[in-house]
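Have a look at the structure below before the remarks.
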Amino acid sequence: MQEKYKMYINGNWVESSSNEYMDVIDPSTSNKISSVPKATIEDVDYAIDSAREAFDKGIWPNLPPSERSKILLKVADLIETKLKEYAINETLISGKTIKQSSNYDIPYIVDNIRYMAGAARIFEGLALKEYVPEGSSTIRRDPIGVVAVITPWNYPLMEVVWRAVAAIAVGNTVVVKPASLTPITTLMFAEDLEKAGLPKGVFNVVTGPGSTIGEYLAKHNKVDMIAFTGSTEVGRRLMELGSSTVKKVSLELGGKAPFIVFDDADIEAAVQGAVVGGLVNNGQDCANSTRYYIHEKVYEKFVNGLIDELKKVKIGDPLNAETDMGPLISASHRERVEGYIKKGIEEGGKLLYGGKRPVIEGHERGFYLQPTVIETENHKSAIVQEEIFGPVWTILKFSEYQEVIEKANDVIYGLGASIWTKDVARAMKATRDLRFATVWINEHVPVPSEMPWPSYKQSGSGASLSTYGLEEYTYIKHVYIDISGS
Ligand code: NAD
């Protein structure tokens, strides 16, 4: 990790025009580990103008897909050769375990890029056809233009890749604003894109606060599209800002995934699934399983099994390969999660496990919190309805299929859900009835690069990954060719 980073604009490494910097903190110690420029409005203008030029002059959009693909495949190779460095830096800035960043996040990112590089070459559509006797019709898919990519802290590099690489793979140019807490790996990525031969102006990074430069980007009249991943609250704001210039707005927002265990499920597998589904990314994943609906006949067995497993979770230094759970992202975020635990208990919940701040030797000032299990019958409680974004397992009992489906759907979110059962018919019926964009059966996490990551309800609009995720960054154009000759 460098002591200080610069921003990447128009193929140049630049400081902020104000010369100001922002600290980057290691959440496992609360020590400063680096700093990045605090971009000004003038810096953002420079980035937008550069992206505009690279797009408007056709430098990038008119390059054959195979040429764009070559550059992306090269960057995937570069990341792979530096996997360890990327994984360590991702862990240092976010507190996620090295186990996760080196075995999952970074290799998955490499696969995501390789998939996008290939898939962007094979857009399919309607065959040329005469829908009226005088003319043939066909469809073009064209890039949208300059895309503002605004990303969260929980998957610092992955979210940039899902948004920005998809956008550039199909010919757009981007201005990326990574989360203020976790900008480092995005800047490393810019360095590797440069090495891979990406033309200047195609990928620009500005680092700074969302409230100033994020807002400025989102309402700028030279920006054609906003691709945002983050909270539902900020997503709503960006829809408002984008409306002044009728921008396309693609949103991946909060979640509150149900995890439904029927009485015929393999309970041991469900317990393992619940540990992973709730713990992944230290409980800070938009699709974390958070609401556990357990059939009354297996309730005790599941809850006891879950607590037994959570007791074995190793909380500690995220850089230690044995650690299962690192710190939360910041002091204020930990307080927010603790506030939910308190509120959940005030609203009738019973604390079954956890809820305390563990003291980790050598990491006493880290933002740690124990995995926490609360049971409740109050479906209107904040811990059931709102996104906590922390390691909190909220447990509820049910007895009937219809009851559990209605409860599972009774939230504003619609990102992910899982059901645990051996009954194929019931599983298939539930995939129809659950108003969530991803439904796992006897699992709760995997998303292959070939499959979409879409959203229902207030979890957003549009999709990442798969060909749907690439189409997201294109306009469709009807091309009509007169064949009558008259
Ligand atoms: P956030 O909404 O607070 O911030 C996300 C980004 O928006 C950051 O870069 C931030 O600086 C910027 N921002 C903040 N206010 C802004 C404004 N007014 N205008 C423009 N930009 C602004 O989210 P977060 O705390 O970084 O991330 C956690 C959230 O992200 C959770 O809600 C989680 O569910 C969601 N998330 C969703 C997905 C998904 O795929 N649906 C994936 C990851 C995270």
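From a predicted model like this one, the values you see are computed outputs, not experimental measurements. Whatever order the structure lists ligands and atoms in, that order sets their numbers, starting from 1.
At least one N/O-N/O distance between Leu253 and ligand 1 falls below 3.5 Å. Checking only distances, Ser459 never comes within under 3.5 Å of ligand 1, N or O to N or O. The shortest N/O to N/O separation between Glu387 and ligand 1 falls below 3.5 Å. Of the N or O atoms in Arg237, none lie within a sub-3.5 Å distance of an N or O in ligand 1.
Within the structure, the closest approach of Trp453 to ligand 1 falls below 4.0 Å when heavy atoms are considered. Under a 4.0 Å heavy-atom criterion, Phe228 is in contact with ligand 1.
Under 4.0 angstrom from ligand 1, there are no non-hydrogen atoms of Glu233. Of the heavy atoms in Glu159, only side-chain atoms (C-beta onward) come closer than 4.0 Å to ligand 1.
There is a side-chain donor-acceptor pair under 3.5 Å between Gln100 and Asp105. For the residue pair Tyr46/Asn204, the side-chain donor-acceptor check at 3.5 Å is not satisfied. Using modelled atom types and a 3.5 Å distance limit, the side chains of Trp162 and Glu252 yield no donor-acceptor pair. A side-chain N or O of Trp420 and one of Ser418 form a donor-acceptor pair less than 3.5 Å apart. No side-chain donor from either of Tyr108 and Asn103 sits under 3.5 Å from a side-chain acceptor of the other. Judged purely by distance below 3.5 Å, without hydrogens or angles, the side chains of Ser381 and Glu347 pair a donor atom with an acceptor atom. For the residue pair Trp393/Tyr292, the side-chain donor-acceptor check at 3.5 Å is satisfied. Arg52 and Thr173 are not linked by any side-chain donor-acceptor pair at a separation below 3.5 angstrom, with hydrogens and angles left out of the test. Side chains of Lys247 and Thr245: a donor on one and an acceptor on the other come within 3.5 Å.
Closest heavy-atom approach to atom 39 (C) of ligand 1 within the set Cys286, Ser231, Ala437, Gly460: this belongs to Cys286. Heavy-atom proximity to atom 16 (C) of ligand 1, evaluated over Ile213, Val234, Thr212, is greatest for Val234. Remark: among candidates Ser211, Gly230, Gly214, the nearest residue to atom 35 (C) of ligand 1 is Gly230, based on non-hydrogen atoms.
Against a heavy-atom cut-off of under 4.0 Å, Trp153 is close to the following atoms of ligand 1: 24 (P), 25 (O), 26 (O), 27 (O). For ligand 1, the atoms sitting less than 4.0 Å from at least one non-hydrogen atom of Glu215 are 17 (C), 18 (N), 19 (N), 20 (C), numbered in the order shown with element in parentheses. Every atom of ligand 1 with a heavy atom of Leu238 under 4.0 Å away is listed here by number and element: 19 (N), 20 (C). Close contacts between ligand 1 and Ile150 involve ligand atoms 6 (C), 7 (O), 9 (O), 12 (C), 21 (N) [criterion: under 4.0 Å to a heavy atom]. Contact atoms of ligand 1 toward Leu415: 41 (N) (distance under 4.0 Å to a heavy atom of the residue). Close contacts between ligand 1 and Asn154 involve ligand atoms 43 (C), 44 (C) [criterion: under 4.0 Å to a heavy atom].
Applying the salt bridge (Lys or Arg N to Asp or Glu O under 4.0 Å) test to every pair with at least one member in residues 200-214, sequence neighbours left out, gives no pairs at all.
The nearest heavy-atom contact from the protein to atom 28 (C) of ligand 1 is Phe389 CE2, 3.5 Å. What sits closest to atom 10 (C) of ligand 1 on the protein, heavy atoms only, is Lys177 NZ, 4.0 Å. The nearest protein atom to atom 8 (C) of ligand 1, hydrogens excluded, is given as Thr151 O, 3.2 Å; this is a heavy-atom distance. Of all protein heavy atoms, the one lying nearest to atom 17 (C) of ligand 1 is Gly210 O, 3.5 Å. The protein atom (non-hydrogen) at minimum distance from atom 27 (O) of ligand 1 is Pro152 CB, 3.2 Å.
Salt bridge absent: Lys343 and Glu346 never bring a charged side-chain N and a carboxylate O closer than 4.0 Å. Salt bridge status for Lys222 with Asp49: present, with a side-chain N to carboxylate O gap under 4.0 Å.
Seen from the ring of Phe398, Lys407 does not count as a face-on cation partner, given the 6.0 Å and 45° thresholds.
For atom 4 (O) of ligand 1, no protein non-hydrogen atom is found at a distance below 4.0 Å.
Shown here is Ile476, whose CD1 atom has no more than 12 heavy atoms of other residues, nucleotides or ligands within 6.0 Å.
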